[in-house]
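A short worksheet on the structure shown next.
In what follows, chains carry the letters A, B, and so on, assigned in the order in which the sequence lines appear, proteins first and then strands, with residues in each chain numbered from 1. Computed from a predicted structure; not experimentally measured.
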Number of protein chains: 2
Amino acid sequence: MRRDVFQAIADPTRRAIILLIAIKAMTPNAIATHFDITRQAVSKHLRILTECELVKTEQSGREIFYELNGTKMLEVDKWLAAFRKLWESRFNELDQVLLTMKKNKQ
Amino acid sequence: MRRDVFQAIADPTRRAIILLIAIKAMTPNAIATHFDITRQAVSKHLRILTECELVKTEQSGREIFYELNGTKMLEVDKWLAAFRKLWESRFNELDQVLLTMKKNKQ
DNA sequence: TTTACATGCAACCAGTCAGTTGCAAATATA
DNA sequence: TATATTTGCAACTGACTGGTTGCATGTAAA
């Protein structure tokens with residue numbers, strides 16, 4: 001079973017859960033009230049998020065609080081970094097074009 | 001059929017294809033030589049990438065060149081931006097802790 | 001014109017996924 | 001202690017996915 005960050009954030013419900021608990025840690029029950037799916041379905045999403053370490057848990061009596069492990073998101077950020085270079089070089093090319101146009105004008 | 005950028009980059013083969021054509025535009029056949037799957041499978045991935053506008057095509061005779069539409073990746077970047085703020089505030093909290101420790105030391 | 005090549009599309013298949021219901025375990029409360 | 005609450009886990013289901021093979025279409029070359 002494949003279980004990486006990219007697959008985890010592919011599901012829109014999971015992305016919504018991530019945004020929710022990014023603000024403050026929440027229990028599965030509390031999270032489920034924000035969606036039209038059963039608590040068990042939310043729990044399954046939380047398990048997936050936990051398995052790929054995007055989320056950590058903290059037990060408090062019979063309640064379990066789920067909170068975001070923000071650093072794990074850096075993996076996606078790291079992958080995107082490769083393209084950031086590309087965008088910058090594209091912008092640099094555009095700069096070159098503008099510079100050439102300017103030069104020819106003078 | 002759901003078809004967004006997050007779902008598109010969830011598949012490791014598609015991420016590899018994206019990295020390949022980020023360097024230079026390529027034909028499906030050329031791309032397929034880099035993988036252990038059939039050309040048709042690659043074509044299906046390319047169709048998904050095209051449908052969510054991560055990739056654009058340019059016909060040249062009987063060949064079709066696929067090239068990356070880098071700007072579409074900004075959507076993922078935009079989503080991550082929300083968490084970047086979070087990381088920064090976490091670092092700020094850490095700064096506060098360090099500052100307090102320093103103050104108490106004096 | 002005939003042949004070879006590049007590609008997309010359709011049908012099929014096994015595995016995965018997101019959701020459901022039902023149930024057992026652990027903790028809080030009466 | 002008996003009851004209610006919170007949770008995780010297992011079994012099931014319909015839909016989707018990534019892969020395959022086969023075929024039709026369009027373009028280049030012989």
Side-chain angles (χ1 to χ4, degrees), chain A residues 1-21 24-69 72 76 79, chain B residues 1-21 24-69 72 76 79:
Chain A
M1 201 182 297
R2 187 159 52 79
R3 197 117 296 174
D4 57 43
V5 183
F6 291 95
Q7 200 244 344
I9 65 171
D11 185 84
T13 305
R14 278 199 290 272
R15 284 203 301 279
I17 291 177
I18 288 173
L19 280 174
L20 260 181
I21 63 174
K24 70 169 198 291
M26 292 176 79
T27 65
N29 253 333
I31 296 171
T33 61
H34 290 78
F35 299 94
D36 282 340
I37 55 175
T38 60
R39 173 197 59 82
Q40 284 91 333
V42 170
S43 264
K44 274 177 94 173
H45 283 306
L46 287 171
R47 204 177 86 175
I48 291 169
L49 291 172
T50 308
E51 277 174 10
C52 74
E53 297 175 305
L54 260 171
V55 148
K56 23 182 197 180
T57 62
E58 197 171 343
Q59 187 118 18
S60 164
R62 65 182 164 185
E63 289 176 319
I64 301 178
F65 285 88
Y66 285 81
E67 71 175 311
L68 187 65
N69 175 19
K72 195 69 180 179
V76 184
W79 189 72
Chain B
M1 201 180 300
R2 186 162 50 84
R3 199 115 296 175
D4 58 43
V5 183
F6 291 94
Q7 199 243 346
I9 65 170
D11 184 84
T13 305
R14 279 198 290 271
R15 285 202 301 279
I17 291 177
I18 289 173
L19 280 174
L20 259 180
I21 63 174
K24 69 169 199 294
M26 292 175 78
T27 65
N29 254 332
I31 296 170
T33 60
H34 290 79
F35 300 94
D36 282 340
I37 56 176
T38 59
R39 172 195 60 81
Q40 284 91 332
V42 170
S43 264
K44 273 178 94 173
H45 284 304
L46 287 171
R47 202 178 88 177
I48 291 169
L49 291 172
T50 308
E51 277 174 9
C52 73
E53 297 174 307
L54 260 170
V55 147
K56 26 181 194 178
T57 62
E58 195 172 342
Q59 187 121 16
S60 164
R62 65 182 163 184
E63 288 176 320
I64 300 177
F65 285 88
Y66 285 81
E67 70 175 309
L68 188 64
N69 175 18
K72 195 68 179 179
V76 184
W79 189 73

Response to the item:
Per-nt protein contacts along nucleotides 19-30 of chain D (heavy atom under 4.0 Å; B base, S backbone sugar-phosphate only, - none) come out as BBBB----BS--
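Contact check for A:I21 versus A:F65: no side-chain heavy atoms found under the 4.5 Å cut-off. Residues A:R15 and A:I9 meet the side-chain proximity criterion, which asks for heavy atoms closer than 4.5 Å.
Distance CZ (A:F6) to P (D:dT17): 19 Å, rounded to an integer number of Å. Remark: P of C:dC5 and CD1 of B:I64 are 18 Å apart, rounded to the nearest angstrom. Residue B:R47 contributes atom CZ, which lies 13 Å from atom C1' of C:dT7 at whole-angstrom precision. For A:E63 and D:dT6, the CD to C1' distance is 7 Å, given to the nearest whole Å. One atom, CD1 of B:I48, and another, C1' of C:dG8, lie 14 Å apart when rounded to the nearest Å. Atom CD in B:E51 sits roughly 12 Å away from atom P in C:dG8 (whole-Å rounding). Counting to the nearest Å, the P atom of C:dG15 and the CZ atom of A:R3 are 17 Å from each other.
Applying the 4.0 Å criterion to OP1 and OP2 of C:dG8, one finds that B:Y66 has a side-chain N or O inside that range. Using a 4.0 Å cut-off, no side-chain N or O of B:N29 falls inside it from OP1 or OP2 of C:dC5. The side chain of B:S43 contributes an N or O atom lying less than 4.0 Å from OP1 or OP2 of C:dG8. At least one side-chain nitrogen or oxygen of A:R14 sits closer than 4.0 Å to the OP1 or OP2 atom of C:dA18. Dashed line: the shortest gap from a side-chain N or O of A:T27 to OP1 or OP2 of D:dT7 is under 4.0 Å.
Within the 3.5 Å criterion, the main-chain N or O of B:E63 finds no donor-acceptor partner in the side chain of B:S60. Side-chain atoms of A:R14 come within 3.5 Å of backbone N or O of A:A8 as a donor-acceptor pair.
B:F35 comes within 4.0 angstrom of no nucleic acid atom, judged by non-hydrogen atoms across all strands. Among the heavy atoms of the strands, none lies under 4.0 Å from A:L46. Here B:F65 lies out of heavy-atom contact (under 4.0 Å) with every strand.
For A:E58, the CD atom is loosely surrounded, since the number of other residues' heavy atoms within 6.0 Å does not exceed 12.
Across all non-hydrogen atoms, the minimal contact from B:K56 to B:L68 is CE-O, 4.0 Å.
Separating the CD atom in A:Q7 from the CD atom in B:Q7 is a distance of 10.5 Å, to the nearest 0.5 Å.
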